[in-house]
Amino acid sequence: MDAQRALLDELMGSARNLTEEERRGYKEITWDDKEVCGAYMVRFCPHDLFVNTRSDLGPCPKLHDPKLKESFEESPRHDAYVPKFEAELAHFCEKLVMDLDRRVKRGRERLAQEVEPAPAPPLSAEKSEQLSVLEEKIKNLLEQAEALGEAGKVDEAEALMRKVDMLNSEKTALAQPQNDKVLMLAQEKKMALCEICGSFLVANDAVERTQSHVTGKQHIGYGMVRDFIAEFKESKEKAREEERLAREKEAEERRKQREKEEENRRRSNSSDRDRYRDRDRDRERDRYRERDLDRERSREWNGRSSRDGGRGVDRRSRNGRDGGRDRYHDRSRSRSPVRHSHRR
């Protein structure tokens, strides 16, 4: 019936039996609705693992639809929702395992408190008296055999030792029935506890029964739950480790960038200092060059003056008088601008 219903839903839609009025308020369910089981979408639903077992969780309150699961797997938002659904499933599974581990702990305590087989009860008075008589006879025969051996009567001593062996056999047979009871108690069947699903097993049971337990729903279901939790924790730890390495790499790159900028700044400052130093050196060189040129011009001027002699002096004096008149003429023109302009 479920297969036929699913086929009809695929062909005619899940709203095929609704009336026109019901269709108006009907909303098509998608895989990201709250009514849909996210655990079923991404991995497995724990409610499906323990059906008809002692750990049966009952039916899942949310919707399990293969078509919605197929739609989820083909959706472009699949990768974005997988971590969310897996986290919800892991939270539910961890609660299951916590409850199971409490049951396992109680089971261990129960096995540890099991009463060990009682020690063998004491022998009856009659058997105790018989054993005492046998032990006394054995002791006397051993003393006699030792005396005969010292006297050199080896044959008689060996005969007594044979009697001692016979008495020891009787002694062992007298205590043997009680030892058999102790052995039977020790060999009585003991219980063992399955660490995966918390079930009690018979220790050293037949291989067929052990295999039947291992392939049972409860054992396989809790094995899947434990494996998923271990895988989820490992993936989370791996993600945290990758995030930590990424942060360290980013910090290292920032540190290298700062060092590079600092090195460039030092080089720029060094270049500026070298540039200023070269400029100062050029200025100093220019000053020395100008000083040398001034000295050279001074020497040339002094040499020319010495060659010209007095002629140079008359020329300088005449130039001085002429220059004085020129300066007087210029000064007089600057004092009377109107007169000068009238002359023009």
Side-chain angles (χ1 to χ4, degrees), residues 2 5-6 9 14 27-112 192-201 212-250:
D2 292 338
R5 187 180 299 108
D9 289 343
S14 56
K27 176 182 177 295
E28 187 73 22
I29 296 177
T30 59
W31 60 263
D32 56 347
D33 288 337
K34 294 182 179 180
E35 296 83 358
V36 179
C37 179
Y40 174 79
M41 292 288 106
V42 70
R43 288 295 186 90
F44 57 84
C45 180
H47 292 82
D48 296 340
L49 300 179
F50 309 106
V51 179
N52 297 328
T53 67
R54 289 186 303 168
S55 301
D56 195 340
L57 301 175
C60 180
K62 295 187 177 183
L63 180 62
H64 293 188
D65 190 340
K67 288 180 62 179
L68 294 178
K69 185 171 185 178
E70 182 179 355
S71 175
F72 167 70
E73 292 174 351
E74 296 175 354
S75 173
R77 296 182 294 162
H78 173 271
D79 295 341
Y81 273 76
V82 165
K84 177 178 180 292
F85 289 158
E86 286 186 345
E88 294 175 354
L89 176 58
H91 180 69
F92 189 88
C93 290
E94 285 175 351
K95 290 174 59 179
L96 282 180
V97 171
M98 287 175 61
D99 295 339
L100 176 62
D101 288 341
R102 282 195 288 268
R103 290 208 309 269
V104 170
K105 183 179 179 181
R106 290 196 298 268
R108 290 199 199 99
E109 294 173 353
R110 175 182 169 186
L111 291 177
L193 185 67
C194 178
E195 298 290 338
I196 301 297
C197 63
S199 299
F200 283 99
L201 306 173
S212 175
H213 166 76
V214 172
T215 57
K217 279 186 178 181
Q218 183 164 309
H219 187 88
I220 292 177
Y222 278 115
M224 291 176 63
V225 169
R226 292 182 182 275
D227 291 343
F228 170 73
I229 292 176
E231 180 183 349
F232 180 77
K233 289 182 177 179
E234 183 180 357
S235 63
K236 295 292 287 184
E237 184 65 26
K238 183 179 179 181
R240 283 194 294 267
E241 182 66 16
E242 291 177 352
E243 184 178 357
R244 184 184 65 82
L245 293 176
R247 287 197 304 268
E248 291 180 355
K249 183 179 179 181
E250 184 179 357

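Because the structure is predicted, anything quoted here is derived from the model rather than measured. In this chain, numbering begins with 1 at the start of the sequence shown.
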Hey, are the side chains of Trp31 and Arg77 touching, using non-hydrogen atoms and a 4.5 Å cut-off?
yes
Asp33 side-chain N/O to Thr30 backbone N/O, donor-acceptor pair under 3.5 Å:
yes
Applying side chain to side chain donor-acceptor pair (under 3.5 Å), name anything that partners Glu70, two or more places apart in sequence or on another chain.
none
Decide, yes or no, whether a salt bridge links Arg240 with Glu237 under the criterion of side-chain N to carboxylate O below 4.0 Å.
yes
Here the pair of heavy atoms bringing Ile220 nearest to Val214 is CG1-O, 3.7 Å
Please say whether the positively charged group of Lys62, taken as NZ for Lys or CZ for Arg, lies over the ring of Tyr40, i.e. under 6.0 angstrom from the six-membered ring centre and within 45 degrees of the axis.
no
Are Glu195 and Arg108 ion-paired here, with the side-chain N under 4.0 Å from a carboxylate O?
yes
Do Phe92 and Leu57 have side chains that get closer than 4.5 Å, going by heavy atoms?
yes
Do Arg226 side-chain atoms and Ile196 backbone N/O form a donor-acceptor pair below 3.5 Å?
yes
How long is the gap from CG on Asp65 to CZ on Phe72, to the nearest 0.5 Å?
14.0 Å
Please give me the minimum heavy-atom distance between Gly198 and Leu193, naming the atom from each residue.
O-CD1, 3.5 Å
side-chain contact (heavy atoms from CB on, under 4.5 Å) between Glu94 and Lys233, worked out
CA-CA 11 Å; Glu94 285 175 351; Lys233 289 182 177 179; 3.8 Å; yes
Taking only Lys NZ, Arg NE, NH1 and NH2, and the carboxylate oxygens of Asp or Glu, determine whether Arg247 and Glu243 approach each other closer than 4.0 Å.
yes
What's the separation between atom CG in Leu68 and atom OG in Ser75, rounded to the nearest 0.5 Å?
11.5 Å
Please tell me if the side chains of Val36 and Asp32 come closer than 4.5 Å, counting only heavy atoms from C-beta onward.
no
d(Lys69 NZ, Leu63 CG) to nearest 0.5 Å is 13.0 Å
Return yes when atom CD of Glu248 has more than 12 non-hydrogen atoms of other residues, nucleotides or ligands closer than 6.0 Å, and no otherwise.
yes
Starting at CG of Leu89, measure out to SG of Cys45 and round the result to the nearest 0.5 Å.
8.0 Å
Flag the pair Phe85 / His78 as yes when their ring centroid distance falls below 6.0 Å, and as no otherwise.
no
Is the shortest heavy-atom distance from the side chain of Met224 to the side chain of Cys93 under 4.5 Å?
no
Going by salt bridge (Lys or Arg N to Asp or Glu O under 4.0 Å), name the residues that satisfy it together with Arg43, two or more places apart in sequence or in a different chain.
Glu86, Glu231
Heavy-atom pair of closest approach, residues Gly107 and Phe200
CA-CZ, 3.7 Å
How long is the gap from CG on Asp48 to CG on Asp56, to the nearest 0.5 Å?
10.0 Å
Supply the atom-to-atom distance Phe50 CZ to Gln218 CD, rounded to the nearest 0.5 angstrom.
7.0 Å
Is there a side-chain contact between Arg103 and Leu100 in this structure, where contact means two heavy atoms from C-beta onward sitting under 4.5 Å apart?
yes
Mind checking side chain to side chain donor-acceptor pair (under 3.5 Å) for His219 and listing every partner two or more places apart, or none if nothing turns up?
His213
Determine whether His47 and Cys37 make a side-chain contact, defined as any pair of heavy atoms from C-beta on separated by less than 4.5 Å.
no
Dump the intermediate steps for salt bridge (Lys or Arg N to Asp or Glu O under 4.0 Å) on Glu88 and Lys84, then the final yes or no.
CA-CA 6 Å; Glu88 294 175 354; Lys84 177 178 180 292; 3.0 Å; yes
Can you confirm whether Tyr81 sits close enough to Met41 that some side-chain heavy atom of one is under 4.5 Å from a side-chain heavy atom of the other?
no
Decide, yes or no, whether a salt bridge links Arg244 with Glu241 under the criterion of side-chain N to carboxylate O below 4.0 Å.
yes
So Lys217 and Leu49, do their side chains get closer than 4.5 Å, heavy atoms only?
no
